[in-house]
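For reference, the structure discussed in these notes is given below.
The structure presented is a predicted model; accordingly, all values stated were derived computationally and were not measured.
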Amino acid sequence: MAETSIEWTDATWNPVAGCLVISPGCTNCYAMRMAARLEAMGVPKYEGLTRKSGQRYVWTGKIRLDEASLDIPLKWKKPRKIFVNSMSDLFHTDVPPDFIARVWSVMERTPRHTYQILTKRPDRMREVLTSLGLPKLEHVWLGTSVEDAAVLPRLDDLRATPAVVRFVSFEPLIGSVKGADLTGIHWAIVGGESGPRSRPMEKLWVDEIRLACLGAETAFFFKQWGGKNKKAAGRTYRGQTWDELPSLQ
């Protein structure tokens with residue numbers, strides 16, 4: 001739970017830790033590396049959440065609920081954009097619905113903040129939120145990750161999820177998503193993969209998303225080109241930076 005350098009948010013909040021690789025976009029997940037580093041530093045929350053596989057660390061699939069962190073947003077008086085579970089997935093199958101409801105309660109009690117929930121499991125998000133009957137909250141944005149065309153159906157589950165603001169993160173973008181239907185999606189984040197084993201992102205793929213955003217009136221946010229040195233590659237696209245945010249009007 002800390003300030004973050006992620007371009008599209010202000011802080012992270014992790015009431016859940018740990019995850020599981022479920023699609024190619026997870027292959028070089030930064031959170032796996034970070035969790036392994038935190039375990040090596042002796043942070044109990046991350047103990048046993050990763051294992052060494054070849055030259056890298058991967059998730060073990062173990063999930064840890066962090067009861068102690070639940071009330072942290074209540075203590076933050078200054079309004080912030082908060083990325084929920086940057087080190088996990090709130091809608092992992094092993095996160096109990098009653099715990100999700102408790103997270104939701106904290107968010108409902110703190111409308112001064114804007115919460116951004118990103119999942120690779122929008123089907124479970126839709127099912128849990130619908131079955132629990134949790135209220136749609138204007139300050140809680142619900143999103144899904146889409147790394148290539150193979151997982152475009154995630155957008156359909158997101159559209160079917162009760163939400164005021166829906167967003168998609170095309171990061172790491174490792175393939176074309178030409179033809180993506182952004183109807184009902186209010187915000188699109190685009191970013192290339194970064195790190196030592198990063199896979200390249202083609203400009204054409206970004207062009208395709210930009211056109212889809214224009215057609216659907218979806219806000220467009222270009223996060224980075226990525227690569228081994230993401231700072232050197234920068235985040236300028238077509239000669240400018242793109243920091244659009246969803247309109248609530």
Please check: side-chain N/O of Thr9 versus main-chain N/O of Ile6, any donor-acceptor pairing under 3.5 Å? no
Cationic N near anionic O, under 4.0 Å, Asp98 to Arg102: no
So, Trp141 side chain and Leu118 main chain: donor-acceptor pair closer than 3.5 Å or not? no
Rounded to the nearest 0.5 Å, what separates atom OG in Ser176 from atom CG in Leu152? 8.5 Å
Is there a donor-acceptor contact under 3.5 Å from the side chain of Thr110 to the main chain of Arg112? no
Under 3.5 Å donor-acceptor, Thr27 side chain and Pro24 backbone: yes
Over 12 non-hydrogen atoms of neighbours within 6.0 angstrom of CD in Glu244: yes
Within a strict 4.5 Å, meaning less than it, do heavy atoms of the Ser23 and Lys120 side chains meet? yes
Got a donor-acceptor contact below 3.5 angstrom from the Gln116 side chain to the Gly143 backbone? no
Got a second to check how far Asp181's CG is from Asp156's CG, nearest 0.5 Å? 7.5 Å
If you draw a 6.0 Å radius around NZ in Lys52, do more than 12 non-hydrogen atoms from other residues or ligands fall strictly inside? yes
Go through Val140 and Trp104 one step at a time and tell me if the side chain to side chain contact (heavy atoms under 4.5 Å, CB included) criterion holds. CA-CA 9 Å; Val140 176; Trp104 210 264; 3.9 Å; yes
Please give me the minimum heavy-atom distance between Ala11 and Thr4, naming the atom from each residue. N-CG2, 3.6 Å
Any carboxylate oxygen within less than 4.0 angstrom of a Lys/Arg side-chain nitrogen, looking at Asp89 and Arg121? yes
Can you confirm if the NZ or CZ of Arg210 lies within 45° of the ring axis of Phe220 and under 6.0 Å from the centre of its six-membered ring? yes
Between Ala233 and Gly226 the two heavy atoms that sit nearest each other are CB-O, 3.3 Å
Using the rule that Ile, Leu, Val, Met, Phe, Trp and Tyr join whenever any side-chain heavy atoms are under 4.5 Å apart, tell me whether Ile117 and Leu129 fall into a single cluster. yes
Derivation and outcome, side chain to side chain contact (heavy atoms under 4.5 Å, CB included), residues Arg56 and Met32: CA-CA 9 Å; Arg56 64 191 180 103; Met32 295 190 295; 3.9 Å; yes
Identify the two heavy atoms, one from Ser69 and one from Trp13, that lie closest to each other, and give their separation to 0.1 Å. O-NE1, 2.9 Å
Using modelled atom types only, decide if a donor and an acceptor are shared between the side chain of Arg33 and the backbone of Asn28 within a distance under 3.5 Å. yes
Report, as yes or no, whether the 6.0 Å neighbourhood of atom CD on Gln240 holds more than 12 heavy atoms from other residues, nucleotides or ligands. yes
Closest approach of Gly48 and Thr60, non-hydrogen atoms and distance? O-OG1, 3.0 Å
Check whether Thr161 reaches the backbone of Asp157 with its side chain - one donor and one acceptor, N or O, closer than 3.5 Å. yes
When you check the gap from the basic side-chain N to the acidic O, do Arg154 and Glu147 get nearer than 4.0 Å? yes
Ring geometry between His113 and Trp76 (parallel below 30°, tilted from 30 to 60°, perpendicular above 60°): perpendicular
Start with the C-alpha distance between Glu208 and Lys178, add both sets of side-chain angles, then the distance that settles salt bridge (charged side-chain N to carboxylate O under 4.0 Å, His left out), and finish with yes or no. CA-CA 6 Å; Glu208 293 166 350; Lys178 186 176 182 179; 5.1 Å; no
Is there a side-chain contact between Leu173 and Val190 in this structure, where contact means two heavy atoms from C-beta onward sitting under 4.5 Å apart? yes
Check for a donor-acceptor pair, side chain of Asn229 on one end and backbone N or O of Ala232 on the other, with a separation under 3.5 Å. yes
Below 3.5 Å, can you tabulate the donor-acceptor pairs from side chains in residues 80-87 to any protein atom, sequence neighbours excluded?
unit_1	atom_1	unit_2	atom_2	d
Arg80	NH1	Glu3	OE2	2.4
Asn85	OD1	Val16	N	3.0
Ser86	OG	Asn14	ND2	3.2

Suppose we screen for side-chain contact (heavy atoms from CB on, under 4.5 Å). Which residues come up paired with Ala163, at least two apart in sequence or across chains? Leu142, Arg166
Please determine if Glu39 and Lys45 form a salt bridge, counting it only when a charged side-chain N lies under 4.0 Å from a carboxylate O. no
Please examine the side chains of Gln55 and Arg197, heavy atoms only from C-beta on, and report whether any two atoms are closer than 4.5 Å. yes
May I ask you to decide if Ala101's main-chain N or O and Ser105's side chain share a donor-acceptor pair within less than 3.5 Å? no
Min side-chain heavy-atom separation Val106-Asp71 under 4.5 Å: no
Nearest 0.5 Å please: distance from the CD atom of Glu127 over to the OG1 atom of Thr93. 11.0 Å
So do Val58 and Arg51 actually touch side chain to side chain, heavy atoms under 4.5 Å? yes
I'd like to know if Leu70 and Leu132 are part of one continuous hydrophobic network [Ile/Leu/Val/Met/Phe/Trp/Tyr, side-chain heavy atoms within less than 4.5 Å]. yes
Any link between Leu49 and Leu65 through a network of hydrophobic side chains (Ile, Leu, Val, Met, Phe, Trp, Tyr) touching at under 4.5 Å? no
Transitive ILVMFWY side-chain link Val95 to Leu20, under 4.5 Å: no
Arg235 side chain vs Thr241 backbone, donor-acceptor pair below 3.5 Å: no
State whether Lys223 and Glu7 are salt-bridged, where the test is any N-O pair (Lys NZ or Arg NE/NH1/NH2 against Asp/Glu carboxylate O) under 4.0 Å. yes
For Ser145 and Glu171, test the side chains for any donor-to-acceptor distance below 3.5 angstrom and give the result as yes or no. no
Leu211 reachable from Leu155 in the ILVMFWY side-chain graph, under 4.5 Å edges: no
As a quick check of understanding, evaluate side chain to side chain contact (heavy atoms under 4.5 Å, CB included) for Tyr30 and Ser194, giving each step before the final call. CA-CA 9 Å; Tyr30 76 91; Ser194 60; over 6 Å; no
So CZ of Phe221 and CH2 of Trp8: to nearest 0.5 Å the spacing works out to 9.0 Å
Closest non-hydrogen contact found for Pro97 with Arg124 is CD-NH2, 3.8 Å
Can you check whether Trp59 reaches Cys26 side chain to side chain, under 4.5 Å on heavy atoms? no
Got Leu137 and Pro111 here, is their nearest side-chain heavy-atom distance under 4.5 Å? no
Ring center gap for Trp205 and Phe170 short of 6.0 angstrom: no
Got Glu108 and Pro135 here, is their nearest side-chain heavy-atom distance under 4.5 Å? yes
Between His139 and Tyr115, does the side chain to side chain contact (heavy atoms under 4.5 Å, CB included) criterion hold? Intermediate values first, please. CA-CA 6 Å; His139 65 290; Tyr115 294 92; 3.8 Å; yes
Aromatic centroids of Trp187 and Phe167 separated by under 6.0 Å: yes
Minimal heavy-atom distance between Phe99 and Asp66, with the atoms involved, is CZ-N, 4.3 Å
Looking at Val165, Thr144, Leu158, which one forms a side-chain contact (heavy atoms from CB on, under 4.5 Å) with Ile185? Leu158
Over 12 foreign heavy atoms within 6.0 Å of OH, Tyr57: no
